[in-house]
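Throughout, a chain's letter reflects where its sequence line sits, starting with A, and its residues are numbered from 1.
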Protein chains: 2
Amino acid sequence: MTNASIDDVAAAAGVHRSTVSRAFSNPSAVRTQTREHVLRVAAELGYATNPLAQALRRRSSTLVPLVIPDITNPFFAELARATAAAAEQRGYQLVLCVTENDGSSTAGYVTAMQAMYSPFGIVAPSTRVDLEALRTYGSGNRVVVLDRVEDDPSVPTVTVDSRRGVELAFEHLALLGHRAIAYAPGIVGTYTAQDRHEAYEEIAAGHGVAPLVLGAPDGVELGRGIVDHWLAEPVRATAIIASNDVIAFAVIAELEARGHRVPDEVSVVGFDGLDLGAHVAPRLTSVRQPIGDLGRIAVDLGESLLDGGPVRHEVLPPSLLIRSSTSGPRS
Amino acid sequence: MTNASIDDVAAAAGVHRSTVSRAFSNPSAVRTQTREHVLRVAAELGYATNPLAQALRRRSSTLVPLVIPDITNPFFAELARATAAAAEQRGYQLVLCVTENDGSSTAGYVTAMQAMYSPFGIVAPSTRVDLEALRTYGSGNRVVVLDRVEDDPSVPTVTVDSRRGVELAFEHLALLGHRAIAYAPGIVGTYTAQDRHEAYEEIAAGHGVAPLVLGAPDGVELGRGIVDHWLAEPVRATAIIASNDVIAFAVIAELEARGHRVPDEVSVVGFDGLDLGAHVAPRLTSVRQPIGDLGRIAVDLGESLLDGGPVRHEVLPPSLLIRSSTSGPRS
DNA sequence: CTGAAAGCGCTTACAG
DNA sequence: CTGAAAGCGCTTACAG
């Protein structure tokens with residue numbers, strides 16, 4: 001129960017509170033001997049500076065909000081972990097804000113950010129609605145976005161090259177001998193989702209294969225909808241590229257449940273490269289996003305925003321994780 | 001960019017700041033007409049009360065920390081989501097603190113909690129080390145624990161009845177005709193982990209089956225270690241109860257990778273009842289923990305700590321989610 | 001019902 | 001190098 005305040009320490013050490021303050025926040029401004037004495041007394045009293053009071057007075061804190069749509073999606077969970085680690089290392093504390101796919105609350109978080117005197121915030125938008133909110137409420141604020149933001153080049157962004165990712169998946173499948181390669185989109189609305197989808201269409205066309213997009217009707221569980229669609233097509237795809245790992249899991253579960261073996265009958269490749277994908281059956285071949293880098297660079301961009309450096313738009317290269325959910329087509 | 005402070009609003013409204021303060025924090029203490037006027041002016045200025053300053057002055061905030069060991073485990077992710085929702089509904093903001101399985105940092109969070117003037121905190125311990133830290137640093141603090149705490153009845157707890165959960169799994173398997181039912185422990189160290197393990201041993205004995213615990217050696221990936229162990233046993237179990245869903249996934253992945261079909265050759269039941277379990281192949285039979293209730297009750301317990309009510313120890317009943325990873329043994 | 005004053009725990013020019 | 005003073009944005013007894 002440490003209740004000691006700066007004045008308690010000052011009294012106990014026989015100095016003025018400003019000296020105590022300096023001993024902690026600006027050590028070089030106080031004589032070594034004094035500083036050590038103050039620090040010792042502070043330790044005895046179990047004193048720790050109060051970040052709230054500090055933030056209030058300085059009008060700036062080290063609390064950086066990370067806004068994500070759904071902590072339950074392992075991709076965002078891994079992203080949160082990586083970003084928290086990167087932030088911590090730089091002396092920031094990440095505070096996780098989960099919007100539950102409700103774009104509107106992003107605005108609330110941007111407001112909260114001001115109240116916390118955050119130096120900057122990081123948002124991984126669930127939909128473009130979020131981005132709208134950001135522009136409206138966030139102008140003048142320091143925000144970095146984990147996605148592309150086409151209309152406003154003034155906000156720094158980190159993204160993974162979606163096109164390249166889809167290409168990696170497609171070429172892997174083509175090399176295996178697949179010709180009928182379909183795409184399973186998931187939740188739409190972000191630039192990222194759109195990029196992957198468009199990339200698929202272009203790349204398929206480039207390879208001379210007719211694009212087949214396995215959309216699921218609204219309201220039906222994604223895995224089931226996608227597999228229904230797959231079955232209904234006159235020419236059945238021998239491989240499916242899922243727009244993310246969670247969808248790939250759902251598709252595989254549904255496929256297997258209906259007696260279609262993966263990869264024997266259909267190959268499936270995911271997108272994200274989650275650790276979890278190595279621990280499901282079959283182990284998921286997937287386009288790996290460098291999640292650690294994503295988090296680290298997001299923090300970097302935030303810091304360079306503080307320094308008034310140039311606004312950067314980083315695009316990271318994905319790689320392919322070949323595991324067991326893909327094989328050559330059954331001839 | 002809302003920078004208006006309480007004094008700005010007071011000036012613009014032609015009243016004293018204390019009146020503005022009351023209009024927001026204690027509306028009934030101010031004349032209706034005055035209040036409405038103040039609120040209108042405040043809205044025009046984009047004023048919002050600053051929670052930092054408020055917390056500092058009141059010496060109490062609505063920030064409640066949830067300490068969890070690993071956000072990357074979907075169980076904790078779902079728990080975080082449920083708890084955040086419950087907290088929000090009660091007017092608290094959950095701040096997620098992830099210890100990364102590093103028990104020592106729990107102490108740091110308890111300190112942080114004081115700095116935030118948190119009314120109470122919720123901790124889901126990764127190991128008993130956490131609980132130690134809690135007792136040492138947290139005495140006098142208001143903490144509720146999402147696990148059992150044997151040695152200190154003064155801290156309120158919510159738990160799921162592990163014994164009953166294992167029993168549900170065991171009986172389901174026994175009913176299916178299994179006699180050789182093994183148990184796959186995962187990370188150990190919490191009371192929960194120990195409870196499940198002990199329950200298994202007792203229940204197996206009670207059913208007249210020799211307990212078989214499939215431990216994995218240190219340093220080897222859990223799924224692989226468990227399956228190695230399973231294969232090495234002279235009498236091979238026809239069913240495995242995993243200590244949690246993530247371990248069940250890993251075991252199934254490893255089993256299938258080595259050509260052992262689930263549930264044809266071995267049945268596997270998980271523990272947690274994650275949504276994700278419904279979207280993997282085969283869909284996972286699992287003991288369902290009422291995660292929503294867990295979160296809601298944790299917040300309840302926190303609040304009743306504030307009211308000085310009696311310390312409660314809630315134990316919630318699990319249920320069984322029968323899906324496709326279990327079937328009768330191959331005869 | 002409203003105002004004036006003190007103070008939460010800290011930082012930071014300004015003197016000395 | 002250290003102290004005294006003002007102030008971050010708010011709340012809450014205390015008067016009136």
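- Residues passing the salt bridge (charged side-chain N to carboxylate O under 4.0 Å, His left out) test with E314(B) are R312(B), sequence neighbours excluded.
- In this view, V315(B) and D161(B) satisfy the side-chain contact (heavy atoms from CB on, under 4.5 Å) rule, not counting sequence neighbours.
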Contacts table for residues 72-85 of chain B: side-chain donor-acceptor under 3.5 angstrom, sequence neighbours left out:
from	atom 1	to	atom 2	distance (Å)
N73(B)	OD1	F75(B)	N	2.8
E78(B)	OE2	D275(B)	N	3.2
T83(B)	OG1	L79(B)	O	2.7

Sequence neighbours left out, cut at 3.5 Å: what donor-acceptor pairs do the side chains of residues 49-60 of chain B make with other protein atoms?
from	atom 1	to	atom 2	distance (Å)
T49(B)	OG1	Q54(B)	OE1	3.4
N50(B)	OD1	L52(B)	N	2.8
N50(B)	OD1	A53(B)	N	3.2
N50(B)	ND2	Y117(A)	OH	3.2
R58(B)	NH2	S25(B)	OG	3.3

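- Note: T34(B) OG1 to L39(B) CG = 11.0 Å, rounded to the nearest 0.5 Å.
- Every residue was checked against the salt bridge (charged side-chain N to carboxylate O under 4.0 Å, His left out) condition with R40(B), not counting sequence neighbours, and none meets it.
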Please tabulate the protein-to-nucleotide N/O contacts below 3.5 Å involving nucleotides 13-16 of chain D, giving atom names and distances.
from	atom 1	to	atom 2	distance (Å)
dA13(D)	N6	R22(B)	NH2	2.9

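- Listed by residue number, the members of residues 54-62 of chain B with any heavy atom below 4.0 angstrom from DNA chain C are L56(B), R57(B), R59(B).
- The side-chain hydrogen bond (donor to acceptor under 3.5 Å, both in side chains) test applied to S61(A) returns no partner, not counting sequence neighbours.
- Within residues 29-42 of chain A, no residue places a heavy atom under 4.0 Å from DNA chain C.
- Comparing atom distances between the A53(B) side chain and each of dT11(C), dG9(C), dG9(D) picks out dG9(D) as nearest.
- Secondary structure note: stems in DNA chain D built from 3 or more consecutive Watson-Crick or G-U wobble pairs under 3.5 Å occupy C:1-3 with D:14-16, C:5-12 with D:5-12, C:14-16 with D:1-3.
- Applying the salt bridge (charged side-chain N to carboxylate O under 4.0 Å, His left out) criterion to R296(A), with sequence neighbours excluded, gives D293(A).
- Note that OG1 of T159(B) and CG of L294(B) are 8.0 Å apart. Values are rounded to the nearest 0.5 Å.
- Among the atoms of the strands shown, only primed sugar atoms or phosphate atoms (P, OP1, OP2) are found under 4.0 Å from some heavy atom of S5(A).
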task = Please report the C-alpha distance between L45(A) and D8(A) in whole Å, then the side-chain angles of each, then the deciding distance to 0.1 Å, and finally whether the side-chain contact (heavy atoms from CB on, under 4.5 Å) criterion is met.
result = CA-CA 8 Å; L45(A) 267 53; D8(A) 298 331; 4.3 Å; yes

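- Under the salt bridge (charged side-chain N to carboxylate O under 4.0 Å, His left out) criterion, D7(B) pairs with R17(B), sequence neighbours left out.
- Within 4.0 Å of T19(A), counting heavy atoms only, lie sugar-phosphate atoms of the nucleic acid but no base atom.
- Residue V15(B) is classed as a sugar-phosphate contact, given heavy-atom separations below 4.0 Å to backbone atoms only.
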